[in-house]
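So the structure is just underneath, and the comments pick up after that.
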Amino acid sequence: MTPFSYARAGDTTAATHLGVAAGAKYLGGGTNLVDLMRETIERPDTLVDVTGLSRTIEERGDGSLMIGAAVRNTAVAEHRAVRERYPVLARAILAGASGQIRNMATVGGNILQRTRCLYFYDDAARCNKRTPGAGCDAIDGFNRAHAILGASPTCVATHPSDMCVALAALGAVVHLENATGARTMPLVDLHRLPAGRPEVETLLEPGELITAIELPQLPCAVRSTYRKVRDRASYSFALVSVAAVLDRSDDGMVRDVRLALGGVAHKPWRAFTAEAALRGRPTNEACFRAAAEAELADAAPLRDNGFKIELTRRTIVAVLNELAGEAA
Amino acid sequence: MTTIRDAAQKIMQTAIGLAPERWLPGGTPDPLIGRHGAIGSSVPRVDGPRKVKGEAPFAAEVPARNMTYAALVYSTIARGHIATLETDAAQAAPGVVLVMTYRNAPRMAPPAVFMSDPRAAGASSLPVMQDDAIHWNGEPIAVILAETQEQADHAATLVRVTYTEEAASTSFEYAAAHAHRPDNVLGEPAVIEIGNAEAALAEAAHKIDRTYHTPRYSHAAIEPHAATVWWEADGQLIVHDATQMLNGTRWTLAGIFGLKEEQIRILSPFVGGGFGGKALWNHQILAIAASRLSGRPVRVALSREGVFRVSGGRTTTRQRVALGARADGTLSALIHTGIAAMTAYNNCPEQFSFPARHLYAAGSFKLEQKVADIDMVANTFMRAPGESVGTFALESAIDELADDMGLDPIELRRRIEPAKDPTSDHPFSSRHLLDAYARGAERFGWSARSPTPRARREGEWLIGMGVATATYPYYRMPGGTARITLTRAGHACVAMASHEMGMGTATVQVQATADRLGLPLTHVTFAYGDTALPPGTIAGGSSQTASIAAAVTAAGEKLVSALLKLVGNASPLAGLKAGDIVARDGGLGHRALADRFESYVSILSRANRDQVSAEAEAPMPLEVQKYAMHSYGAQFCEVRVNAVTGETRVSRFLGAFDTGRIVNPRTAASQFRGGIIMGLGLALTEETLFDERTGRIMNASLAEYHVPVHLDVPEIDVIWTDTPDPRAPLGAHGIGEIGITGVGAAVANAVYNATGRRIRDLPITLDKLLGST
Ligand SMILES: Cc1cc2nc3c(=O)[nH]c(=O)nc-3n(C[C@H](O)[C@H](O)[C@H](O)COP(=O)(O)OP(=O)(O)OC[C@H]3O[C@@H](n4cnc5c(N)ncnc54)[C@H](O)[C@@H]3O)c2cc1C
Ligand code: SF4
């Protein structure tokens with residue numbers, strides 16, 4: 001680890017003031033950042049601890065839910081309104097990491113956690129994300145966990161979060177603030193695809209702080225779920241995951257649907273194509289399969305991860321079948 | 001190379017004349033094998049309370065005044081030379097005491113590699129930091145000592161190095177094409193051929209001819225390797241280590257540093273899991289060298305990554321098993337051949353062909369092992385090396401044959417049960433494998449299994465059952481000496497430089513000694529983990545229980561003689577000979593006459609002695625020369641395979657074991673279960689990702705090296721025949737390793753039964769099953 005200085009921010013203004021300095025990083029639970037500092041992958045000069053900022057979950061009059069960025073993952077998953085109104089989010093969080101890590105991890109940190117690409121983690125390897133232009137050892141290496149959608153020749157990494165997949169499906173909005181002001185952005189727009197610049201992972205401005213996540217009112221989300229497919233029963237990252245909300249009309253048609261995929265791309269992948277293919281169509285397996293296939297039309301396999309295309313297709317169909325079955 | 005076998009045989013020949021009759025073939029069994037006392041009861045671990053209270057100091061916790069903390073810098077290429085090495089920045093970093101590289105490291109002889117001498121403990125014979133050559137990706141190239149661990153870790157990141165790379169052997173396929181036959185496989189021949197197995201196979205009515213692959217696995221004991229070392233003013237070297245080979249480490253370090261063994265003391269009272277991995281690797285040697293250079297104590301505690309880079313694990317294998325069967329299910333040919341990856345500097349050929357040498361009767365055999373030289377960290381022993389992956393291949397093939405012939409796999413094994421050892425012709429000392437199968441099948445509900453794959457489904461889950469044989473040799477290591485000290489208060493302390501790595505070694509030896517001396521458990525202690533004590537044997541090959549018990553037995557006999565010499569004419573024991581005596585009720589007595597008895601307290605008081613002590617070496621393990629001595633088991637597994645995702649979850653598991661007398665059901669159950677859990681990892685989740693482009697391990701962390709977690713492990717039922725082996729001390733076999741054997745095949749066979757798909761390369765990950773489900 002490289003020496004750094006540590007400051008604990010008393011409020012958002014103080015945090016954004018400190019956070020704008022070059023070499024400063026915000027510190028949530030530290031479960032990802034501190035690991036990366038130990039490996040010297042991250043070398044901030046200053047850590048601005050933001051765990052003392054908003055730690056509340058607020059149910060607002062318009063039916064939305066405002067979750068402070070410093071709320072611990074466990075607290076989100078346990079919150080009554082989350083469990084009742086957005087079960088997909090509670091399930092996604094509980095499918096991630098371990099109890100101890102979720103107790104430490106914050107909402108802001110979870111969103112900005114970095115890829116688990118093995119070559120990103122090992123500074124003996126070549127990695128464009130760590131060192132732009134160095135090359136990518138994952139493209140011809142161990143890439144079982146890597147992207148099948150939206151990858152580029154410079155980077156094939158995936159975003160590892162479970163929580164974000166649910167947030168993407170729910171249409172969550174990220175609240176941001178820096179010294180010059182505040183703004184909001186849909187979560188699905190926050191993370192970038194790698195294209196030619198895998199080192200730029202989000203659209204955040206320098207020093208921009210995540211202050212909260214807003215879940216818009218979405219009554220049909222009571223019928224939602226999350227399914228994660230992985231190599232062991234717990235404590236491993238998703239090979240593929242699916243977050244889904246299904247609103248089925250009485251005549252068995254899809255009134256509304258929200259679908260997002262994890263483990264397949266450089267960002268939480270909202271399956272807009274599949275959603276469009278499903279809306280107004282019957283809730284049967286053939287339609288689900290066709291929608292999944294449409295979403296995966298451009299999926300491209302790497303050396304080790306070709307199985308993910310079939311796995312994603314099957315998991316989407318299984319999750320939609322399950323939700324349709326519950327609704328029936 | 002002198003092998004253990006050659007050395008041992010020479011000693012054996014001279015020892016045969018000296019051995020007591022009991023140890024010779026046909027001799028009288030240990031009288032304790034039939035007795036029920038402390039032996040056979042579920043005594044809680046004697047080391048337990050200190051461990052749960054945090055009062056058991058492990059090697060990385062031993063305090064020292066003026067301590068320095070070590071960090072290692074690892075190479076990032078597999079082969080070549082260091083071109084430039086800049087250490088100024090590291091040297092100048094806060095708190096740094098020493099930067100040691102090949103330029104300033106003291107001259108040290110290369111370690112004596114395991115098997116080059118009965119006392120050798122080196123994991124590899126490569127010189128340690130003596131020149132600029134690099135031999136594997138991850139080899140330590142610099143040691144930093146600093147005032148704190150954080151300062152050392154930071155300074156380590158400031159070392160700058162460049163290399164001149166050379167072509168390395170990192171491709172298994174390539175190296176396998178140039179594989180060669182080792183001189184021997186752990187002292188056994190690398191090839192055994194009986195009859196013409198290939199010809200018999202060609203003519204067989206039924207045949208199976210398959211190739212199986214097993215990957216690299218890494219050790220992941222809860223305690224990463226660590227040592228705290230210093231040099232005393234008088235030149236004495238003190239090493240607090242986490243080791244399973246105290247005396248071997250001492251002898252080997254003496255050779256490396258040009259010392260006499262008496263100048264070195266190694267202490268290792270607590271080890272947080274060994275499994276074969278806690279041996280002599282570079283880190284201890286480097287810490288000792290750095291301590292000599294700096295003149296200060298050094299603590300080296302490997303990071304988890306360090307464990308992967310500096311210490312090896314189970315190696316890659318490619319195995320062929322071919323079985324030829326006659327119409328009645330008996331075997332006309334058994335072929336088990338293959339290749340294991342190894343380095344040119346170590347001696348661990350992964351004895352995967354051993355089970356086939358002893359398990360089944362066949363008309364002809366061809367068993368052969370080769371090794372493929374790879375530039376990697378030396379592979380090593382890992383819980384049932386060889387047998388774990390060897391039984392995966394063999395027991396999968398047996399299942400394939402049974403399926404092919406329409407036979408129940410247990411019935412097939414009944415038909416190929418041998419009357420004597422099939423390759424040595426020796427009689428079995430004790431073999432109740434079919435009994436274990438029968439008990440296991442009954443308890444597991446094997447009869448409910450459909451022989452047809454894919455016959456059972458619940459929702460998305462395909463359910464199947466599989467079975468496989470577990471087997472592991474009985475070993476008793478020569479060279480151990482026990483000292484028993486009996487005090488006037490009637491307490492006995494056994495002392496021997498043995499190892500307690502959490503298995504229950506100390507506990508079962510307290511039990512055995514209590515029964516041996518007729519003392520209550522509360523009156524016996526066991527001192528171990530220190531080379532200042534009489535020499536122990538390695539904690540390897542599941543051999544400690546028998547090895548220590550044999551030495552304690554010998555010392556116990558000496559103690560009785562010494563006590564008889566003390567009793568005066570007034571003692572009820574006056575005039576009795578050792579042969580008349582049994583130890584009972586806290587003293588000695590005539591075997592038949594109840595009134596001829598005197599307590600230890602009385603004997604010592606009468607003689608006015610505070611204590612009496614006796615020390616004896618265990619006789620040579622001659623029993624293994626005449627008998628085929630092995631442990632057995634039947635592993636039953638039920639899996640659920642998800643038809644949508646291919647995920648496999650083990651829903652039930654039962655191991656039925658035949659391992660001689662069970663000394664302590666509580667510690668035994670734990671060893672069996674632990675072995676089975678490790679076997680589930682071997683079967684389903686674990687794989688060391690060795691990047692063949694660079695020879696680098698890419699998942700050197702517990703986040704990415706997937707040992708089974710709680711949710712992966714179902715209730716595991718373990719039962720045993722508890723039939724004593726009349727040829728073994730206490731009638732008992734060591735049981736540390738057998739639990740993992742057979743598990744890989746039991747899981748794979750269950751997966752086949754569930755899905756109709758044979759997976760012949762481990763681990764069985766969902767991508768391999770997706771197509772079939
Ligand atoms: C062994 C292991 C297994 C795991 N398994 C899973 C899993 O299965 N699924 C899963 O989803 N996750 C998993 N995780 C990851 C875990 O969810 C993340 O580490 C955690 O969510 C990060 O949150 P944190 O608060 O600790 O973030 P930190 O480590 O503190 O920070 C992460 C990043 O976010 C930035 N940051 C933090 N807060 C803010 C803020 N308010 N505004 C702007 N930037 C901020 C930091 O600067 C840093 O760049 C695992 C982690 C480990 C170590
Ligand atoms: S996939 Fe991306 S993160 Fe991984 S090595 Fe390549 S560039 Fe780096």
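Fair warning: this is a prediction, and the values are worked out from it, not measured in the lab. Below, read A as the first sequence line, B as the second, and so on, with proteins coming before strands; counting in each chain starts at 1.
- Between B:Tyr705 and A:Arg232, the shortest heavy-atom distance links the atoms O-NH1, 4.3 Å.
- Heavy-atom distances place both the backbone and the side chain of A:Tyr119 under 4.5 Å from chain B.
- Atom OG1 of residue B:Thr694 and atom CZ of residue A:Arg126 lie 10.5 Å apart, to the nearest 0.5 angstrom.
- In this structure, A:Asp122 and B:Arg309 approach most closely via the heavy-atom pair OD2-NH2, 4.0 Å.
- At a threshold of 4.0 Å, the pair A:Arg227-B:Glu460 counts as salt-bridged, since one of the basic side-chain nitrogens sits closer than that to a carboxylate oxygen.
- Proximity to chain A (any heavy atom under 4.5 Å) is shown, for B:Ala703, by both the backbone and the side chain.
- Considering CZ of A:Arg38 and NE2 of B:His154, their distance stands at 15.5 Å, rounded to 0.5 Å.
- Chosen from B:Val709, B:Thr765, B:Thr76, the residue pairing most often with chain A at heavy-atom distances under 4.5 Å is B:Val709.
- Listed here is the closest heavy atom pair of B:His706 and A:Asp231: ND1-CB, 3.8 Å.
- By number of non-hydrogen pairs under 4.5 angstrom with chain B, the leading residue of A:Asp123, A:Asn305, A:Asp140 is A:Asp140.
- For a residue to count as touching a neighbouring chain, one of its non-hydrogen atoms must lie under 4.5 Å from one of that chain's; by this rule B:Glu692 does not touch chain A.
- When heavy atoms are compared at a cutoff of 4.5 Å, B:Leu702 approaches chain A solely by way of its backbone atoms N, CA, C and O.
- Chain B forms more heavy-atom pairs under 4.5 Å with one residue of A:Asp137, A:Thr40, A:Thr315 than with any other, namely A:Asp137.
- Of all non-hydrogen atoms in A:Glu39 and B:Glu305, the two that sit nearest each other are OE1-OE1, 3.9 Å.
- Scanning both residues, B:Leu711 and A:Ser234, for their nearest heavy atoms gives CD1-CB, 3.6 Å.
- For the atom pair CE of A:Met1 and CG of B:Asp153, the computed distance is 8.5 Å after rounding to the nearest 0.5 Å.
- Note that the CG atom of B:Asn699 and the CZ atom of A:Phe142 stand 7.5 Å from one another [nearest 0.5 Å].
- A:Phe307 is listed as a side-chain neighbour of B:Leu766, based on a closest heavy-atom distance under 4.5 Å.
- Listed options A:Ala145, A:Ala97, A:Ser98, A:Ala124 were ranked by heavy-atom pairs under 4.5 angstrom with chain B; first place goes to A:Ala124.
- In plain terms, the two heavy atoms of B:Leu770 and A:Arg314 that are nearest each other are O-NH2, 3.0 Å.
- For a residue to count as touching a neighbouring chain, one of its non-hydrogen atoms must lie under 4.5 Å from one of that chain's; by this rule B:Val707 touches chain A with backbone and side chain alike.
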